[in-house]
Amino acid sequence: MSYVYVKSKTIMSAISERRSPSLNKNKVSLVSCESYDRVKVDEAVEEAFELLGGPESIVEPSSRVFIKANALLPSTPEKCVTTHPEVVRAVVKQVMRVTKKVTIGDCPGGGNASPYLKRVYSRTGLESVAADTGAILNFDTSVREVTVKEGSQLKSITISNSMAQSDVLISLPKFKTHELVGITAAIKNLYGAVPGMTKFAYHSRFNNADDFANLLVDVCIAAAPKFHLVDAIESMQGEGPRQGEKILTGFIAAGQNPFAIDFLLMMLIGKDYHANRALHFAIERGLFSGRSEDIVVVGENPKNLSVSDFRLPLGKEQSAPVPEFLMKKFAKLLTAKPIVSPGICTGCGKCVEICPESAISMEKGHARIKSERCIRCYCCHEICEFDAVSLSKPTLLRLARHFGF
Ligand code: SF4
Ligand code: SF4
């Protein structure tokens, strides 16, 4: 790994740097943290902030702050699907050193209806964080159109009004793999700024992985977060973002530049940045250099936190994507296919509600996918809280990987 590494600072030296006018936007703080013990997370999050100049360098006493966690669905923290509530709590505590006007929330995958939102907040632990800290939980589901001049897929994007109208948006991603776009971290977490069913409409419109990954970059720009702090204490590898395997990665990474953060994360797990498709397009679009030496890491030496044998989803395991000519010709034969297990499906109907192509119907009390209509967006796999949707890996993809395509 080659990057500029600045040794861990004392809080005093961090404070003197805070007064420096030249805050390096490519600076990423990296702090070791191996458990969700409240005291340890508090210390790690405080250090991650202080290494970058403290919360005062991000928010002002008059700022209205929205803290956007990953609250994909009503999942409990130990499942490793959502941002751990201890991380959210520690960030709220830091921000509240400067301003008490703090709202926390997300636009979950299963929609924005109030009872569903309440269940998501309760199961993910965000409700308790709000009750303990005095932060407000967001139930405002109004939306706003945001213009993105540099947008590649869209020049105008619908995002949550509460996030858009906050003075400072802080994003708290969970570090996970993602079947469609490789990785969900700093860039992808902002897709949660897109409300309810609009998410699925975008999936339908940008219905191949690369168009969608490019859209993620547009959304990240539209949401304009000022700060990102990634919960990579426990991360998810393999079949993320829902049914992967938990892995102790043991760190927190924070900073202002989502592209620099995602780039560093890819280096830490020893994978080529192309495997994070949104990052690939951000670099292709000149939003980040793609040069490790342009990242200034402060805090822990990255060499001490590198993760070996991190498993990406099968389709993203190698550095180069499947060549475009193969994808065009054999798209369905080269992508995983969602399958419902009738024995596990409860018939809740959530997947029917959100499928952007109306490819799912209820038959005899269970969901059934019409394969010919399916665009392989994996929204059903992502939102089924009962793990009833699995992904069947096609033989042709395995063969293509085996022969090095
Ligand atoms: S597959 Fe999952 S989301 Fe769809 S109806 Fe069955 S349990 Fe509900
Ligand atoms: S069936 Fe699942 S993967 Fe296919 S289009 Fe519908 S939500 Fe997407």
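Counting starts at 1 for both ligands and their atoms, following the listed order. Numbers for residues simply follow the sequence, beginning at 1. Note that these values count all heavy atoms, side chains included, but never hydrogens, waters or copies made by symmetry.
Under the 30°/60° scheme for interplanar angles, the aromatic rings of H203 and F200 are found to lie parallel. Between F310 and F175, the angle of the ring planes stays under 30°, which puts this pair in the parallel group of the 30/60° scheme.
Those atoms of ligand 2 with a heavy atom of Y378 less than 4.0 angstrom away are 3 (S), 8 (Fe). Within the listing of ligand 2, atoms 3 (S) sit less than 4.0 angstrom from a heavy atom of P338. The atoms of ligand 1 that sit less than 4.0 Å from any heavy atom of F386 are 7 (S).
Not less than 6.0 angstrom separates the ring centroid of F212 from the ring centroid of F281.
Only the side chain of I369 comes within 4.0 Å of ligand 2, counting heavy atoms alone; its backbone N, CA, C and O stay farther away. At a heavy-atom distance under 4.0 Å, only side-chain atoms of V389, from C-beta outward, approach ligand 1. Contacts between C374 and ligand 2 below 4.0 angstrom, taking non-hydrogen atoms only, involve backbone and side chain alike.
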Using salt bridge (charged side-chain N to carboxylate O under 4.0 Å, His left out), reason through E43 and K40 one step at a time and then give a plain yes or no. CA-CA 5 Å; E43 285 172 359; K40 288 192 174 126; over 6 Å; no
Test salt bridge (charged side-chain N to carboxylate O under 4.0 Å, His left out) on R373 and E357 and set out the steps. CA-CA 7 Å; R373 298 188 77 150; E357 297 299 306; over 6 Å; no
Under the salt bridge (charged side-chain N to carboxylate O under 4.0 Å, His left out) rule, what do R285 and D218 come out as? Steps first, then yes or no, please. CA-CA 11 Å; R285 288 164 60 176; D218 293 347; 2.7 Å; yes
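Of the protein's non-hydrogen atoms, C380 SG, 2.3 Å is the one closest to atom 2 (Fe) of ligand 2. Atom 8 (Fe) of ligand 1 has its closest protein heavy atom at C348 SG, 2.3 Å.
Comparing heavy-atom distances from atom 6 (Fe) of ligand 1 across A388, G349, C351, C345 singles out C345 as nearest. Residue I360 holds the heavy atom nearest to atom 1 (S) of ligand 2 of all those in I360, V340, I375, L180.
In this structure, K25 is not positioned above the aromatic face of F259 in the sense of NZ or CZ being under 6.0 Å from the six-membered ring centre and within 45° of the axis.
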